[in-house]
**Q** 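Here's a structure for you.
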Protein chains: 2
Amino acid sequence: MTNARPTLRDVAAAAGVSPMTASNALHGKPGVRESTRAKVVAAAEKLDYRINLTASMLKSGRSNIIHLIVNEFDSPFYSKLVQALTTETSARGLTPFVEQTHYSPDAARQAMTHTPFSGQLFDGEIIHASGLGTNLPLARMNDGRPLVLIDGCEETPSVDTVNFPNEEGARTAVQHLIERGCRRIAIVGGGYVPRGELAHVEHSYGLRLRGAGGALLDAGLPYDPTVTFHGYDVTMGIEAGHAIADAILDARRDGGDAFDGAFCANDYAAFGVIRGLADRGLRVPDDIRVIGFDGVSAGAYATPTLSTVRVDLDQLARFALDMITRRIGQLADGGYDTPPSRATIGYTLVARESTA
Amino acid sequence: MTNARPTLRDVAAAAGVSPMTASNALHGKPGVRESTRAKVVAAAEKLDYRINLTASMLKSGRSNIIHLIVNEFDSPFYSKLVQALTTETSARGLTPFVEQTHYSPDAARQAMTHTPFSGQLFDGEIIHASGLGTNLPLARMNDGRPLVLIDGCEETPSVDTVNFPNEEGARTAVQHLIERGCRRIAIVGGGYVPRGELAHVEHSYGLRLRGAGGALLDAGLPYDPTVTFHGYDVTMGIEAGHAIADAILDARRDGGDAFDGAFCANDYAAFGVIRGLADRGLRVPDDIRVIGFDGVSAGAYATPTLSTVRVDLDQLARFALDMITRRIGQLADGGYDTPPSRATIGYTLVARESTA
DNA sequence: TTGAAAGCGCTAACAT
DNA sequence: ATGTTAGCGCTTTCAA
């Protein structure tokens, strides 16, 4: 059961050339006669030769592997994000290596610096995880190796970053609710977070809330930042849904102004809110309109289908890989020669049943 | 910007020992005096030394990386499966490397054999992907390297396999519908598939249908295998939902027996069916009860919440890793000495609103 | 256009 | 308990 795979030496011997020539031939390097290359390729094929990546990496220092770090897989949003990033990575001839942090800043830091892999196996890292944005020396943390941050939302970018259209997207979502006739709009997804605690993912939520609140103020509608409902995930969304439902039922009884719309900072939270409203017998959109943010697949077939701001994850993936491949190229040429770049991806308002 | 990371040699020099002793000390190997180990560890810490995995792999032939191959990330089911498998893999001190095939048998085969990695970087592979079950020489395809198949459903197991409780689970689901008073039950998720086309994932669906049909026959209820509704994913589920709704509306008009229950071979399809029924104005569970299979997270917060057969993915992950680590151990000891093993994971009937 | 030499950083095997 | 030797399979460098 010994795995005696053929080595480059075997191929070279079979083709009657030196290992070096065989290597050059197989890599399509110039300076190899066509007939020689053909002989080598034939020999490799015949022996079912496959390059030994570990040896190749050890010598060349390049792996063509890109490290993708995300919070988790089991969420509609992340599974979609990972899908987009891995697809684009593969399309560029690179190999994606996905790792999850389970929302732990420690795990994220660990993934970046203290894995045996980091800095040796990976040619670059693309990261979207909680708890990294705060401690400044991000670029330094990665030891000068190519790094792209997703939705880092740094005021002064210290590394290449692709951001979500947090503020504009949220503004558009709330404007949509207003157009549909909503006058009293609940905002779900944030609330007061001590400044020091603002990890970068959460920071992006702050921007979404700012955009949402801004749209309300612009329209002359009431907005009280202190009564924002918390709802980062489904569970919290359900609680927020209960709270909103109770507020509506109270208002109805007391003859006050009842919520007739809700903006949720992500689709996940929106699903929870709808569920929470249903627990109290309130229906969407009949009793209250609800819109989410992200554009996860499930929104298209949920009941009701979910209106949302769909962010262009394919574009995100393209931007991220443009940035990382550029840095890898620069590194090979001796060093970085451009400052950190920043891009914001596009979005589309998707109007569905939940705001009909 | 040159990455001059410290090597083992540097650590050894700093600690005043030989590289070999440093290596042994850092790996916790026996036969190193405690004071020496402490010195080495301190030196490593001080220099921020990290082992060079490529070199280590090249020499030792072991990477501690497990290759996980699945169809995709962006589905409630797979994201959950991947979550369970990666978590368990990490818990055992191994590193998960996840790859997706997008349901392409070619991509699956490619992932197993023609990646530059396969057979060198990975200590073992765990795979759940379409289009592998048919062509027999699976064990051979993996060149004798440790391989665990998820839900392979081979009649005569040729490799270690962890199966889903397809037949029993489906039977239980349909029995649940019957207990809730359903008398005319639609089966969604399969239908006639030419035998040669039966890839392994689809084969597992055949078992689910067999279990469902068996439950109907056992209860003396009508079952016509030829009128099974197709519905592997949400889109097909929506179409199935339309078809079922039309049949119900027709039956109501003609005074015939209308469907009052539906078993769906996976939750994804069930979401689609519910959506398709809603398109025709039919409500779940009022007009028809619906149950799914898998137990994806979204079922808990969908509206209505989805009854389902929840399979124990954590157990699946434990089984799979038990099997793979055993093979890795055997390989290190000279070769496999046991025949392929097979396990079936447990399940729980989860009764929720959709069958209330 | 081709080949020979050297060595990437580590560890198995064998001294001491 | 520690050190020495050799070499994993490849590629960079330099020579032919």
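Lettering follows sequence order; numbering is per chain, from 1. Values in this document were obtained by computation on a predicted structure and should not be read as measured data.
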**Q** Would you please classify the geometry between the A:F122 ring and the A:H67 ring as parallel, tilted or perpendicular, with 30° and 60° separating the classes?
**A**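 It falls in the parallel class, under 30°.
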**Q** To the nearest Å, give me how far apart CZ (B:R9) and C1' (C:dT11) are.
**A**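 Between C1' of C:dT11 and CZ of B:R9: 12 Å.
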**Q** Considering heavy-atom distances to DNA chain D, does A:H27 or B:K59 have its closest nucleotide positioned more toward the 5' end?
**A**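 Comparing both residues, the 5'-ward one is B:K59.
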**Q** Of B:Q100, B:H128, B:E72, which meets side-chain hydrogen bond (donor to acceptor under 3.5 Å, both in side chains) against B:Y78?
**A**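 Going through the options one by one, the only one that passes is B:H128.
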**Q** Name every donor-acceptor pair, under 3.5 Å, that has one atom in a side chain of residues 9-25 of chain A and the other anywhere in the protein, sequence neighbours excluded.
**A**
from	atom 1	to	atom 2	distance (Å)
A:D10	OD2	A:T7	N	2.8
A:S18	OG	A:M20	N	3.4
A:S18	OG	A:T21	N	3.2
A:S18	OG	A:T21	OG1	3.2
A:N24	ND2	A:M20	O	3.4

**Q** Distance from B:R326 atom CZ to B:L331 atom CG, nearest 0.5 Å?
**A**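 One finds 12.5 Å between CZ of B:R326 and CG of B:L331.
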**Q** Would you tabulate the nitrogen or oxygen pairs shorter than 3.5 Å linking the protein to nucleotides 2-5 of chain D?
**A**
from	atom 1	to	atom 2	distance (Å)
D:dT2	OP1	B:T36	OG1	2.7
D:dT2	OP2	B:R33	N	2.9
D:dT2	OP2	B:T36	OG1	3.2
D:dG3	OP2	B:S18	N	2.7
D:dG3	OP2	B:S18	OG	3.2
D:dG3	OP2	B:T21	OG1	3.0

**Q** What salt bridge (charged side-chain N to carboxylate O under 4.0 Å, His left out) pairs are there with at least one residue in residues 16-36 of chain A, not counting sequence neighbours?
**A**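 Passing the test, one end in residues 16-36 of chain A: A:E34-A:R37.
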**Q** Any heavy-atom pair between the side chains of A:H27 and A:I51 that's under 4.5 Å?
**A**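 Of all side-chain heavy-atom pairs linking A:H27 with A:I51, at least one is under 4.5 Å.
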**Q** Using only side-chain N and O atoms of B:S60, determine if any of them is under 4.0 Å from OP1 or OP2 of C:dT11.
**A**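 Answer is no, no contact under 4.0 Å.
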**Q** How close or far is atom P of C:dT2 from atom CG of A:L8, stated in whole angstroms?
**A**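 My rounded result for the distance is 15 Å.
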**Q** Going by atom type alone, with no hydrogens or angles, which donor-acceptor pairs under 3.5 Å involve a side-chain atom of residues 317-325 of chain B and a protein atom two or more places apart or on another chain?
**A**
from	atom 1	to	atom 2	distance (Å)
B:D322	OD1	B:R92	NH1	2.7
B:D322	OD1	B:R92	NH2	3.0
B:T325	OG1	B:L321	O	2.6
B:T325	OG1	B:D322	O	3.1

**Q** Which atom pairs link the protein and nucleotides 14-16 of chain C when you take only N or O atoms and keep those under 3.5 Å?
**A**
none

**Q** Which one, C:dC10, D:dT11, D:dC10, comes nearest to the side chain of B:I51?
**A**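 When the side chain of B:I51 is considered, C:dC10 is the closest of C:dC10, D:dT11, D:dC10.
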**Q** Taking only side-chain nitrogens and oxygens of B:Y49, does any of them come within less than 4.0 Å of OP1 or OP2 of C:dG9?
**A**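 It does not, given that no N or O in the side chain of B:Y49 lies less than 4.0 Å from OP1 or OP2 of C:dG9.
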**Q** Taking OP1 and OP2 of C:dG9, is either one under 4.0 Å from a side-chain nitrogen or oxygen of B:T7?
**A**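 Checking B:T7 against C:dG9: no side-chain N or O falls below 4.0 Å of OP1 or OP2.
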**Q** A:K29 has an atom NZ; how far is it from atom C1' of C:dT2, in whole Å?
**A**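 Whole-Å distance recorded here is 14 Å.
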**Q** Rounded to whole angstroms, how far apart are CG on B:L58 and C1' on D:dG7?
**A**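 It works out to 9 Å between those atoms.
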**Q** Applying salt bridge (charged side-chain N to carboxylate O under 4.0 Å, His left out), run through A:R327 and A:D160 and close with a yes or a no.
**A** CA-CA 9 Å; A:R327 290 298 180 196; A:D160 295 335; 2.7 Å; yes
**Q** Name all residues meeting the ring pair (Phe, Tyr, Trp, His ring centres under 6.0 Å) criterion together with A:F77; count only those two or more places apart in sequence or in a different chain, and write none if there are none.
**A**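 In terms of ring pair (Phe, Tyr, Trp, His ring centres under 6.0 Å), with neighbours along the sequence ignored, A:F77 is linked to A:F164.
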**Q** Grab the CG-P distance between B:N52 and C:dT11 for me, whole Å please.
**A**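 The answer, rounded to whole Å, is 9 Å.
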**Q** Round to the nearest Å and state the distance from B:L26 atom CG to C:dT11 atom C1'.
**A**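 Between C1' of C:dT11 and CG of B:L26: 13 Å.
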